[in-house]
Q: 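Handing you this structure, nothing more for now.
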Amino acid sequence: MFDAIRAYVRAVEWFNRLIGRFAMYLIFVMLGVLLYSSVSKTFFQPSIWTLETAQFLMVAYFLLGGAYSMQLDAHVRMDLLYSHLKPRTRAILDALTVVFLLFYLVMLLYGGVSSSQYALEYKETSYSSWSPQMAPIKLIMTFGILLMLLQATATFFRDLAIALGRELP
């Protein structure tokens, strides 16, 4: 059983590292879109697609990189007492808080799947003048939430192993 959990944690962390490293470069694409927007507004005809494209890229950057950020333990943490605790006590607290995160992510995933189905079924578009299809970004958002859910589960297993006095390499 422990080997199956170890394999799950390794697979999830490998995949999230791959997607997270891809997502890191989306910031440069977004900057390119915003630079083009500034140049086109200053010297040429303003583009109607640039602001919304930049917003979609930022959503993809944030949600696809979230699981990788969690894997690296790079999220913001309010640390008043936490750093003074023993590693095993920290792991127990982390395992308890991850349970709440898992519940939240399951509810978020349910909403994301429902919203993505709606966007696909009814060919939902944005209310802007550009009016792009919403399905692609909603599918990316749902995928990012799924990655976060998988990473939270892997983190739970890693914390549980530390709390039980075992390590997951």
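Start at 1 with the first residue, then count along the sequence.
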Q: Would you tell me whether Asn16 and Gln71 have side-chain atoms, one donor and one acceptor, within less than 3.5 Å of each other?
A: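 No, no side-chain donor-acceptor contact under 3.5 Å.
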Q: What pair of heavy atoms forms the shortest contact from Arg88 to Ile162, and how long is it?
A: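 Residues Arg88 and Ile162, closest heavy atoms: CG-O, 4.0 Å.
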Q: Does the side chain to side chain contact (heavy atoms under 4.5 Å, CB included) test come out yes or no for Phe15 and Leu147, once each step is laid out?
A: CA-CA 9 Å; Phe15 190 68; Leu147 291 178; 3.5 Å; yes
Q: Can you sort out the partners of Arg21 under side chain to side chain donor-acceptor pair (under 3.5 Å), two or more places apart, ordered by chain and number?
A: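 Here the qualifying residues are Tyr68.
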Q: Mind checking the CD-CD spacing from Glu13 to Gln151? Nearest 0.5 Å is all I need.
A: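 Going from the CD atom of Glu13 to the CD atom of Gln151 covers 5.0 Å.
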Q: Can you tell me which residue pairs pass the side chain to side chain donor-acceptor pair (under 3.5 Å) test with a partner in residues 53-64, sequence neighbours excluded?
A: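 Qualifying pairs: none.
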Q: Is Val33 linked to Phe22 within one hydrophobic cluster, defined over Ile, Leu, Val, Met, Phe, Trp and Tyr using a side-chain heavy-atom separation of less than 4.5 Å?
A: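 Hydrophobic grouping puts Val33 with Phe22.
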Q: Mind listing the closest non-hydrogen atom pair of Ala23 and Gly65 along with its distance?
A: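 In terms of heavy atoms, the two residues are closest at CB-N, 4.0 Å.
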Q: Indicate the atoms forming the closest heavy-atom contact of Leu64 with Ile19, along with that distance.
A: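 Closest pair (atom of Leu64, atom of Ile19, distance): O-CG2, 3.9 Å.
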Q: Could you pull out all residues at least two apart from Leu63 that satisfy side chain to side chain contact (heavy atoms under 4.5 Å, CB included)?
A: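 With sequence neighbours excluded, Leu63 shows a side chain to side chain contact (heavy atoms under 4.5 Å, CB included) to Val59, Met141, given in chain and number order.
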Q: What pairs of residues pass the side chain to side chain donor-acceptor pair (under 3.5 Å) test when at least one of them lies in residues 138-150, not counting sequence neighbours?
A: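 Applying side chain to side chain donor-acceptor pair (under 3.5 Å) to every pair that reaches into residues 138-150, excluding sequence neighbours, yields Ser115-Lys138, Ser116-Thr142, Glu124-Lys138.
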Q: Listed by chain and number, what are the side chain to side chain contact (heavy atoms under 4.5 Å, CB included) partners of Ser126, not counting sequence neighbours?
A: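 Expected list: Glu52, Ser128, Pro132, Met134.
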Q: I'd like to check the salt bridge (Lys or Arg N to Asp or Glu O under 4.0 Å) partners of Asp94; sequence neighbours left out, ordered by chain and number.
A: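 Residues passing salt bridge (Lys or Arg N to Asp or Glu O under 4.0 Å) with Asp94: Arg77.
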Q: According to the salt bridge (charged side-chain N to carboxylate O under 4.0 Å, His left out) rule, which pairs have a member within residues 34-50, sequence neighbours left out?
A: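 Pairs touching residues 34-50 that pass the test: none.
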Q: Val99: what forms a side chain to side chain contact (heavy atoms under 4.5 Å, CB included) with it, not counting sequence neighbours?
A: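 With sequence neighbours excluded, Val99 shows a side chain to side chain contact (heavy atoms under 4.5 Å, CB included) to Phe156, given in chain and number order.
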Q: State, to 0.1 Å, how close Ile145 and Leu105 come at their nearest heavy-atom pair, and which atoms those are.
A: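 Here Ile145 and Leu105 meet closest at CG2-O, 3.8 Å.
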Q: Under the rule for side chain to side chain contact (heavy atoms under 4.5 Å, CB included), what residues qualify as partners of Leu120, not counting sequence neighbours?
A: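 Here the qualifying residues are Ala135, Leu139.
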Q: Please identify each residue that fulfils side chain to side chain donor-acceptor pair (under 3.5 Å) with Ser37, with sequence neighbours left out.
A: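 Side chain to side chain donor-acceptor pair (under 3.5 Å) check on Ser37 returns Thr50.
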Q: Who are the side chain to side chain donor-acceptor pair (under 3.5 Å) partners of Ser131, not counting sequence neighbours?
A: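 Scan of Ser131 (side chain to side chain donor-acceptor pair (under 3.5 Å), adjacent residues dropped) gives Thr125.
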Q: With sequence neighbours excluded, give me every salt bridge (charged side-chain N to carboxylate O under 4.0 Å, His left out) pair touching residues 96-120.
A: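 Qualifying pairs, neighbours excluded: none.
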Q: Would you please indicate yes or no on a ring centroid separation below 6.0 angstrom for Trp49 and Phe56?
A: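 No - the distance between ring centres of Phe56 and Trp49 does not fall below the 6.0 Å cut-off.
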Q: Between Leu31 and Leu35, does the side chain to side chain contact (heavy atoms under 4.5 Å, CB included) criterion hold? Intermediate values first, please.
A: CA-CA 6 Å; Leu31 288 172; Leu35 178 64; over 6 Å; no
